[in-house]
Student: 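What follows is a structure written as structure tokens; I'll ask about it next.
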Amino acid sequence: ARALGRRLITVLQGCEAVVVPSAGCSAHLRDYGRLFADEPAWAARAARLADLSVDLVAYLDRHAQDLRFLPDRRRVAYHPPCHHTHAQGLRQEPLRLLDRVPGVERVEVEDAEVCCGSAGSYSLFHPRRARAARAEKMERLSRNGPELVLTANPGCELFLDAGFVEAGGGPAVEHLAVYLAR
């Protein structure tokens with residue numbers, strides 16, 4: 001992992017910003033300064049990369065005044081990834097972006113910040129518990145009848161989508177960036 005990290009630090013050297021569209025990956029990159037703090041030859045470079053790294057949602061929120069979206073009249077639920085809310089404190093940024101879409105109806109989700117069960121490798125090593133967490137999350141996401149569920153982490157997106165497919169249907173699941181790009 002450290003060898004891959006050093007390679008990434010080298011490849012991204014000289015960038016002005018590193019915008020990351022995955023909540024888990026952006027949280028990890030933003031932690032590089034701490035991860036490489038015990039390696040004097042890499043500590044400063046890793047800290048610089050961490051400082052330059054920004055989650056796509058935070059980046060778009062900073063530039064929201066320049067963004068225009070087409071209207072959408074659908075009912076939409078948002079699942080906040082754990083790596084946004086707990087690791088990076090990005091709670092309002094995705095909601096502000098979604099609220100900029102004219103006509104969209106954002107439905108409330110009870111206990112929205114509760115994990116969907118994906119949690120990186122958790123769903124692989126603890127599939128029974130992960131599926132139970134996902135079932136509870138799917139019920140809360142579906143409760144107010146959304147046509148679409150949005151999230152900003154590919155792991156959450158894939159895990160939730162697979163859950164709805166296995167259950168025989170439900171709202172579509174999409175990455176927030178893909179939704180906003182449309």
Side-chain angles (χ1 to χ4, degrees), residues 1 8 18-32 35 50 53-62 64 67 69 72 74-101 104-182:
L8 186 62
V18 178
V19 181
V20 186
S22 165
C25 294
S26 61
H28 187 65
L29 282 179
R30 293 182 49 77
D31 202 29
Y32 261 37
L35 293 172
S53 297
V54 61
D55 189 90
L56 176 64
V57 168
Y59 182 84
L60 291 175
D61 185 60
R62 287 182 202 157
L67 302 174
F69 301 111
D72 184 6
R74 289 181 286 178
R75 294 172 53 82
V76 175
Y78 182 73
H79 164 65
C82 295
H83 281 98
H84 266 181
T85 56
H86 308 301
Q88 298 182 74
L90 299 173
R91 288 176 169 80
Q92 295 306 311
E93 293 84 347
L95 301 178
R96 282 195 299 256
L97 286 167
L98 188 53
D99 288 345
R100 293 182 64 84
V101 177
V104 74
E105 181 183 349
R106 182 167 49 90
V107 300
E108 293 300 316
V109 177
E110 182 183 343
D111 296 325
E113 292 186 3
V114 172
C115 181
C116 69
S118 177
S121 61
Y122 183 81
S123 62
L124 300 174
F125 293 112
H126 306 283
R128 199 168 332 153
R129 283 185 256 166
R131 286 173 179 255
R134 177 177 65 188
E136 290 177 23
K137 184 65 172 201
M138 289 167 46
E139 193 279 320
R140 286 191 300 274
L141 285 167
S142 300
R143 193 171 291 157
N144 291 322
E147 299 165 68
L148 180 64
V149 171
L150 298 172
T151 189
N153 193 53
C156 300
E157 176 189 2
L158 293 171
F159 196 60
L160 288 169
D161 187 57
F164 283 118
V165 169
E166 289 171 15
V173 182
E174 192 170 73
H175 194 290
L176 178 63
V178 172
Y179 174 78
L180 294 175
R182 284 196 195 134

Student: Side-chain contact test, heavy atoms from C-beta onward, threshold under 4.5 Å: evaluate it for Val54 versus Val18 and give yes or no.
Tutor: no

Student: Which is it for Leu95 and Tyr78 under the side chain to side chain contact (heavy atoms under 4.5 Å, CB included) test, yes or no, and what are the steps along the way?
Tutor: CA-CA 8 Å; Leu95 301 178; Tyr78 182 73; 3.9 Å; yes

Student: Write down the atom of Gln88, the atom of Ala27, and the distance for their closest heavy-atom approach.
Tutor: NE2-N, 3.3 Å

Student: Per the side chain to side chain contact (heavy atoms under 4.5 Å, CB included) rule, which among Val57, Leu56, Asn153, Thr151 passes with Leu176?
Tutor: Val57

Student: Looking at Glu147 and Pro171, would you say the former's side chain and the latter's main chain have a donor-acceptor pair under 3.5 Å?
Tutor: no

Student: Show your reasoning for whether side chain to side chain contact (heavy atoms under 4.5 Å, CB included) applies to His175 and Leu150.
Tutor: CA-CA 6 Å; His175 194 290; Leu150 298 172; over 6 Å; no

Student: Run the side chain to side chain contact (heavy atoms under 4.5 Å, CB included) test on Val149 and Met138 for me, step by step, so that the C-alpha distance in whole Å, both residues' side-chain angles and the decisive distance to 0.1 Å come before the verdict.
Tutor: CA-CA 10 Å; Val149 171; Met138 289 167 46; over 6 Å; no

Student: Checking Arg100 side chain against Ala64 main chain: does a donor-acceptor pair fall under 3.5 Å?
Tutor: yes

Student: Apply side chain to side chain contact (heavy atoms under 4.5 Å, CB included) to residues Val20 and Leu29 and explain how you reach the verdict.
Tutor: CA-CA 9 Å; Val20 186; Leu29 282 179; 3.7 Å; yes

Student: Using the ring of each side chain (for Trp, its six-membered ring), is His126 parallel, tilted or perpendicular to Tyr122, with breaks at 30° and 60°?
Tutor: tilted

Student: Should the pair Arg75-Glu105 be classified as a salt bridge under the 4.0 Å nitrogen-to-oxygen rule?
Tutor: yes

Student: Between the main-chain N or O of Val107 and the side-chain N or O of Asn144, is there a donor-acceptor pair closer than 3.5 Å?
Tutor: no

Student: Under the salt bridge (charged side-chain N to carboxylate O under 4.0 Å, His left out) rule, what pairs show up with a residue in residues 164-174, not counting sequence neighbours?
Tutor: Arg131-Glu166, Arg134-Glu166, Glu174-Arg182

Student: For residues 111-120, tabulate all N or O donor-acceptor pairs below 3.5 Å that involve a side-chain atom, not counting sequence neighbours.
Tutor:
{"unit_1": "Glu113", "atom_1": "OE2", "unit_2": "Arg91", "atom_2": "NE", "d": "3.1"}
{"unit_1": "Ser118", "atom_1": "OG", "unit_2": "Gly155", "atom_2": "O", "d": "3.4"}

Student: Look at the side chain of Ser142 and the backbone N and O of Glu139, then say whether any donor-acceptor pair between them is shorter than 3.5 Å.
Tutor: no

Student: I'd like to check the side-chain hydrogen bond (donor to acceptor under 3.5 Å, both in side chains) partners of Glu93; sequence neighbours left out, ordered by chain and number.
Tutor: none

Student: Do the side-chain N and O atoms of Asp55 and His84 include a donor-acceptor pair separated by under 3.5 angstrom?
Tutor: yes

Student: Is any side-chain heavy atom of Val104 less than 4.5 Å from a side-chain heavy atom of Phe69?
Tutor: no

